[in-house]
**Q** 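Have a look at the structure that comes next, please.
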Amino acid sequence: MEKAAVQEDGLLIPLIDFSKFLNGSPTQKVETAKAILTGFQTAGFIYLSNLPIPSSTITDAFRRSAQFFRLPATTKESLAWSTPEANRGYSSPGREKVTNLTTTADVSALRTSIPDIKESLEIGRDDEPGHPNHWPSEEEAEADNELAGFRQAMTSFFADLAGLHQSVMRAIAVGMNLPSETHFDRFVDDRDNTLRLLHYPAVRRDVFAINPGQVRAGEHTDYGSITLLFQDQRGGLQVQSPSGAFVDATPIEGTCVVNAGDLLARWSNDTIRSTVHRVVEPPRREGGEEEAGETYPARYSIAYFCNPNFKDFIEAIPGTYTTEADKKYEGIYSGEYLVQRLKATYA
Ligand SMILES: O=C(O)CCC(=O)C(=O)O
Ligand SMILES: [Fe+2]
């Protein structure tokens with residue numbers, strides 16, 4: 001049986017060897033798929049190990065992300081995030097406030113009082129008509145040796161992650177006993193996903209002490225189908241338990257945290273859960289080296305937000321309802337749903 005990555009306060013997040021789904025025996029494959037589905041139905045979160053993406057690719061993406069965020073503020077601002085429809089570009093600290101509040105006035109009041117301490121770069125598929133990515137210019141990349149190959153590396157990583165999205169959706173299809181393992185393939189083949197590089201700058205410890213409620217990223221649920229999240233070893237990610245408490249989702253080397261988003265919950269007629277999470281100051285390590293300093297070191301993470309194709313109409317998955325009356329939601333176009341959600345969170 002698989003192990004628990006997190007087990008606290010009624011929250012059990014399983015640690016699942018994904019190679020057993022991809023390359024295991026037929027029995028291992030089905031068992032792994034069931035474990036994945038169960039994880040999404042109960043915790044809304046799973047950790048996957050033995051990923052089909054080489055660890056060197058992930059390390060390289062983190063290295064390049066850190067290089068990107070070292071660019072001068074003016075350069076990063078020239079790549080600014082523009083519209084919810086495009087959802088591409090750079091967000092400076094304070095620009096986005098992730099939250100479940102849905103009115104712009106509420107969010108803007110919250111943003112002014114306690115901005116998230118983070119900056120990010122959103123990268124979409126590189127071939128969407130009318131929505132180019134905001135890449136550092138060629139001259140920039142040439143002048144700054146470190147940035148050479150940034151676009152190529154990120155688009156290639158994007159493609160690897162799109163493949164992982166498809167594989168996890170196949171596991172869900174097998175776990176749900178759908179007639180075909182490839183049931184969801186046609187819903188994910190446009191790759192309408194967002195690769196988000198995240199940097200939580202080093203921050204003075206007293207910022208958290210002075211401002212109760214200060215966090216690195218506010219509590220929220222994700223919007224799409226699933227999120228593939230890679231975190232460094234700093235810690236700070238927390239997931240809400242059934243009792244409402246926040247439990248540390250401690251980093252485990254070589255794994256990817258995968259959580260279900262709101263649209264998958266809706267698509268599954270609420271049989272899958274989209275669970276609230278946030279990023280706070282790193283947990284204190286007794287006697288740890290960082291205990292002595294005045295600042296918490298920077299944290300980096302990379303989130304890949306997966307979505308059903310924007311053009312697809314999302315209605316309850318077969319098997320998640322018996323009669324029409326069991327369907328909890330109206331069907332909705334994926335793209336419309338996501339733009340609505342993004343409109344509420346950005347300034
Ligand atoms: O940085 C993290 O670990 C989580 C970020 C996150 O939840 C998000 O961007 O939606
Ligand atoms: Fe999130």
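Numbering of ligands and ligand atoms starts at 1, following listing order.
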**Q** Quick check: does any side chain N or O of Asn23 sit under 3.5 Å from a backbone N or O of Lys20, one acting as donor and the other as acceptor?
**A** no
**Q** Taking 4.0 angstrom as the limit and counting only heavy atoms of Phe305, give me the atoms of ligand 1 inside it, by number and element.
**A** 8 (C), 9 (O), 10 (O)
**Q** Taking only heavy atoms of Asp222, which atoms of ligand 1 are found under 4.0 Å from at least one of them?
**A** 10 (O)
**Q** For ligand 1, is any non-hydrogen atom under 4.0 Å from Leu229's backbone (N, CA, C, O), its side chain (CB onward), both, or neither?
**A** side chain
**Q** Distance check, rounded to the nearest 0.5 Å: Phe21 atom CZ versus Glu31 atom CD?
**A** 13.0 Å
**Q** Using the ring pair (Phe, Tyr, Trp, His ring centres under 6.0 Å) definition, which of the options Phe187, Trp267, Tyr333 pairs with Phe313?
**A** Tyr333
**Q** Could you state the interatomic distance from CD1 (Ile123) to CG (Asn87), rounded to the nearest 0.5 Å?
**A** 11.5 Å
**Q** Checking contacts here: is it the side chain or the backbone of Arg299 that comes within 4.0 Å of ligand 1, counting heavy atoms only? Could be both or neither.
**A** side chain
**Q** Closest N/O/S atom of His277 to the Fe ion (ligand 2), by atom name?
**A** NE2
**Q** Can you list the ligand 1 atoms lying under 4.0 Å from a non-hydrogen atom of Val279?
**A** 1 (O), 2 (C), 3 (O), 4 (C)
**Q** Whether the side chain of His277 engages the backbone of Val239 through a donor-acceptor N/O pair (distance < 3.5 Å, no angle test) should be reported.
**A** no
**Q** Under 4.0 Å between a side-chain nitrogen and a carboxylate oxygen: does that hold for Arg151 and Asp126?
**A** yes
**Q** Under 4.0 Å from any heavy atom of His277, which atoms of ligand 1 are there?
**A** 7 (O)
**Q** If you check every N/O/S atom of Asp222, which is the one nearest the Fe ion (ligand 2)?
**A** OD1
**Q** Considering the heavy atoms of Tyr200, write down every atom of ligand 1 situated less than 4.0 Å from one of them.
**A** 1 (O), 2 (C), 4 (C), 5 (C)
**Q** Tell me whether Lys327 is salt-bridged to Glu324, with the criterion being a basic N under 4.0 Å from an acidic carboxylate O.
**A** yes
**Q** Kindly confirm or rule out an N or O of Gln231 lying under 3.5 angstrom from an N or O of ligand 1.
**A** no
**Q** Assess the pair Phe62 and Phe230: is the distance between their ring centroids shorter than 6.0 Å?
**A** no
**Q** Applying a heavy-atom cut-off of 4.0 Å, say which part of Arg216 lies close to ligand 1: side chain, backbone, both or neither.
**A** neither
**Q** Does Arg278 come within less than 4.0 angstrom of ligand 1, counting non-hydrogen atoms of the residue?
**A** no
**Q** Counting only heavy atoms, which portion of Ala303 has something under 4.0 Å from ligand 1: side chain, backbone, both, or neither?
**A** neither
**Q** Output the list of atoms in ligand 1 that are nearer than 4.0 Å to some heavy atom of Leu198, sorted by atom number.
**A** 1 (O), 5 (C), 9 (O)
**Q** Examine Arg191 relative to Phe158 and say whether NZ or CZ is less than 6.0 Å from the centre of the six-membered ring and inside a 45° cone about the ring axis.
**A** no
